[in-house]
Amino acid sequence: MAKKNLSEMSFLDHLEELRWLLVRSTIAIIVMACVVYSFSDYIFDTIIFGPTNANFITYRFFCDASHYLGFADSICITELPFIIQNTSMEGQVNVFVWTCITAGFILAFPFILWELWKFISPALYDKEKKNAKLFIFSASILFFLGVLFGYFVIVPMSINFVATFKISAVVKNEFNLDSYIGMIKTSVIASGLFFELPILIYFLTKLGLVTPNFLRTYRKYAVVIVLIIAAIVTPPDVVSQITVAIPMLLIYEASIFISVFVVKKEKKNEQLSN
């Protein structure tokens, strides 16, 4: 379909562009899901169920950190007392399919960003259109960093917490497969999207919907929210909570810096135009 000038495009034209964006993105996700299918044994045995092993890299890191900080074995994990079970006939089939699709979405994310950029680019200035590669690269890196943070930090800390939390010795932990996979998918995708905050703030500032003063004013609330999230997903020890909270707070501070940069650049452009 030939590109039209934004001013010449009708509402239906925009809907048509959006439809093709969704179609191409869906195809990309399916293709990546098929790639994931080819490595499904490794993905499930090593990646998906890796955090259920007490020898997982994150648990070893925290144990080494506890020794280094003089806490002895206080945050070392020697066992994770739970099992994962499937309780429905189609449970493993559904989990397999949706895990492949989720992994396909993660791998196809740069392409989806490119499609999104093409959709919004007619509304941008020529100078802004030249930043397409930088936008795709930066947003993709942030997303993948968020996914890694979710997988290596949020997921193992969450698993450790729910596996060791007990209201009584009588109760045994037998987690449903859907619940376990759902927790991993939610943690990884949510973390990846949260790391997109600087990109979101950039565009919101360009549109005049967010200002540096607004972000600074609500910084204290952001800190409280981050600390609450860290307290929920981690065991009740300071090291784990700080490990989760610091990257999230740095992302927020980076968003403030980006907002300041955009405002200064806008003012400079206004002065030059006058």
Side-chain angles (χ1 to χ4, degrees), residues 29-30 32-33 36-37 39-63 75-109 143-196 225-237 240-241 243-245 247-248:
I29 292 172
I30 293 174
M32 289 296 101
V36 171
Y37 170 78
F39 302 93
S40 58
D41 289 343
Y42 174 81
I43 288 174
F44 278 96
D45 293 338
T46 304
I47 297 179
I48 300 296
F49 295 113
T52 65
N53 190 332
N55 198 41
F56 188 64
I57 184 173
T58 302
Y59 304 137
R60 287 189 279 113
F61 170 80
F62 276 100
C63 188
I75 56 176
C76 286
I77 298 171
T78 56
E79 65 172 338
L80 295 167
F82 69 92
I83 64 171
I84 300 174
Q85 60 179 349
N86 176 48
T87 57
S88 61
M89 291 184 63
E90 72 282 3
Q92 294 197 53
V93 175
N94 290 338
V95 164
F96 181 85
V97 172
W98 283 107
T99 300
C100 288
I101 291 175
T102 302
F105 168 78
I106 292 173
L107 294 177
F109 192 75
F143 179 75
F144 289 134
L145 286 175
V147 167
L148 292 175
F149 178 74
Y151 176 73
F152 284 106
V153 179
I154 303 294
V155 168
M157 291 298 97
S158 300
I159 290 175
N160 177 47
F161 176 72
V162 298
T164 56
F165 181 84
K166 287 186 177 182
I167 58 174
S168 172
V170 175
V171 182
K172 304 299 181 182
N173 284 326
E174 297 181 356
F175 301 141
N176 187 275
L177 178 62
D178 288 336
S179 176
Y180 175 80
I181 297 295
M183 183 273 294
I184 290 181
K185 289 193 295 186
T186 300
S187 299
V188 167
I189 297 297
S191 183
L193 295 178
F194 178 80
F195 271 57
E196 294 294 297
I225 292 173
V226 166
L227 292 177
I228 291 174
I229 294 174
I232 291 173
V233 302
T234 62
D237 65 81
S240 301
Q241 292 172 4
T243 302
V244 172
M248 298 176 74

For this session: Verify side chain to side chain contact (heavy atoms under 4.5 Å, CB included) between R60 and N55, making sure each step is shown before the conclusion.
Result: CA-CA 6 Å; R60 287 189 279 113; N55 198 41; 3.1 Å; yes

For this session: Using the side chain to side chain contact (heavy atoms under 4.5 Å, CB included) rule, take F82 and V162 through it: C-alpha gap first, then chi angles, then the decisive distance, then the call.
Result: CA-CA 9 Å; F82 69 92; V162 298; over 6 Å; no

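- Atoms OH and CD1, from Y37 and I43 in turn, are 12.0 Å apart once rounded to the nearest 0.5 Å.
- Atom OG of S191 is separated from atom CG of L145 by 9.5 Å, given to the nearest 0.5 angstrom.
- Taking CD1 of I29 as the start and CZ of F109 as the end, the distance is 10.5 Å to the nearest 0.5 Å.
- One finds the CE atom of M32 at 14.0 Å from the CD1 atom of I101 (value rounded to the nearest 0.5 Å).
- Sparse packing is recorded around CD of Q92, with 12 or fewer heavy atoms of other residues, nucleotides or ligands lying under 6.0 Å away.
- Distance check, rounded to the nearest 0.5 Å: CD1 of I154 to CG of L148 gives 12.5 Å.
- Across all their heavy atoms, A163 and L80 have their closest contact at CB-CD2, 4.3 Å.
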Residues 181-189 side chain polar contacts: donor-acceptor under 3.5 Å, at least two apart:
{"residue": "T186", "atom": "OG1", "partner": "G182", "partner atom": "O", "Å": "2.8"}
{"residue": "S187", "atom": "OG", "partner": "M183", "partner atom": "O", "Å": "2.8"}

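- Residues L177 and F49 approach most closely at CD1-CZ, 4.0 Å, considering heavy atoms.
- E196 contributes a side-chain N or O that, together with a main-chain N or O of F143, makes up a donor-acceptor pair within less than 3.5 Å.
- The shortest heavy-atom contact between F96 and F44 is CD1-CE1, 3.6 Å.
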Exercise. Passes side chain to side chain contact (heavy atoms under 4.5 Å, CB included), F144 versus I106? Steps please.
Worked result: CA-CA 8 Å; F144 289 134; I106 292 173; 4.0 Å; yes

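- Among all heavy-atom pairs drawn from D178 and G91, the shortest one is OD1-O, 4.2 Å.
- Taking the six-membered ring for Trp and the full ring otherwise, the centers of F175 and Y180 sit at least 6.0 Å from each other.
- Take F194 and apply the ring-ring contact (aromatic ring centres under 6.0 Å, His included) test, not counting sequence neighbours, and it matches no residue.
- The minimum heavy-atom distance linking F152 with T58 is given by the pair O-OG1, 2.5 Å.
- When all heavy atoms are compared, the tightest approach of T52 to I84 is CG2-CD1, 3.9 Å.
- Without hydrogens or angle criteria, Y59 side chain to P51 main chain gives a donor-acceptor distance under 3.5 Å.
- Taking OG1 of T102 as the start and CG of L107 as the end, the distance is 11.0 Å to the nearest 0.5 Å.
- Contacts of T87 classified as side-chain hydrogen bond (donor to acceptor under 3.5 Å, both in side chains), with partners at least two apart in sequence or in another chain: N176.
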